[in-house]
Amino acid sequence: MGCGTVRPKSELLRLVAVAGRVEVDPAATMPGRGAYVCNPECAEQAVKRRAVSRALRGPAEISEDFVESIRLHGKKANP
């Protein structure tokens, strides 16, 4: 979504919109449409390009610490 790199799904981190707010879904089990990022830098690019709302097909509030929360989940793909 952010960088456009093709990777196996197991290397990606799923994002979902819950009540209009973007949440990280590390287990990939939450209901609804998902969008995927490969690392914090990819997530930052997606936020800057406003790709998150487009990928989730609806308005999605992104918290100020969104990219940091992705860093905390430790889901970095191998470059």
Quiz item: Looking at Val22 and Ala60, what are the two nearest heavy atoms and their distance?
Solution: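 In this case the closest contact between Val22 and Ala60 is CG2-CB, 3.4 Å.
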Self-check item: Closest contact, heavy atoms only, Pro26 versus Leu13
Solution: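 Heavy atoms of Pro26 and Leu13 come nearest at CA-CD1, 3.9 Å.
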Practice problem: Name all pairs fulfilling the salt bridge (Lys or Arg N to Asp or Glu O under 4.0 Å) condition that reach into residues 21-31, sequence neighbours left out, sorted by first residue then second. | Solution: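 Pairs touching residues 21-31 that pass the test: Arg14-Asp25, Arg21-Glu23.
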Practice problem: Indicate if Ile62 and Val16 have the same hydrophobic cluster label, given that clusters are the connected sets of ILVMFWY residues with side-chain heavy-atom separations under 4.5 angstrom. | Solution: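 No; tracing contacts between hydrophobic side chains, which count when under 4.5 Å, never links both residues.
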Quiz item: So Ile70 and Asn39, side chain to side chain contact (heavy atoms under 4.5 Å, CB included) or not? Walk me through it.
Solution: CA-CA 7 Å; Ile70 289 180; Asn39 58 41; over 6 Å; no
Gap between atom [atom2] of [Y] and atom [atom1] of [X] - 0.5 Å precision:
X	Y	atom1	atom2	value
Cys3	Arg49	SG	CZ	9.0 Å
Arg33	Leu15	CZ	CG	13.0 Å
Arg7	Tyr36	CZ	OH	15.5 Å

Quiz prompt | side chain to side chain donor-acceptor pair (under 3.5 Å) contacts in which one or both residues fall within residues 51-66, not counting sequence neighbours | solution =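 Applying side chain to side chain donor-acceptor pair (under 3.5 Å) to every pair that reaches into residues 51-66, excluding sequence neighbours, yields Ser63-Asp65.
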Quiz prompt | Side chain proximity check, Arg71 to Glu41, heavy atoms < 4.5 angstrom | solution =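 Yes, side chains in contact.
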Self-check item: Residue list, side-chain contact (heavy atoms from CB on, under 4.5 Å) with Ala35, at least two apart or on another chain
Solution: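 Met1, Ala55, Leu56.
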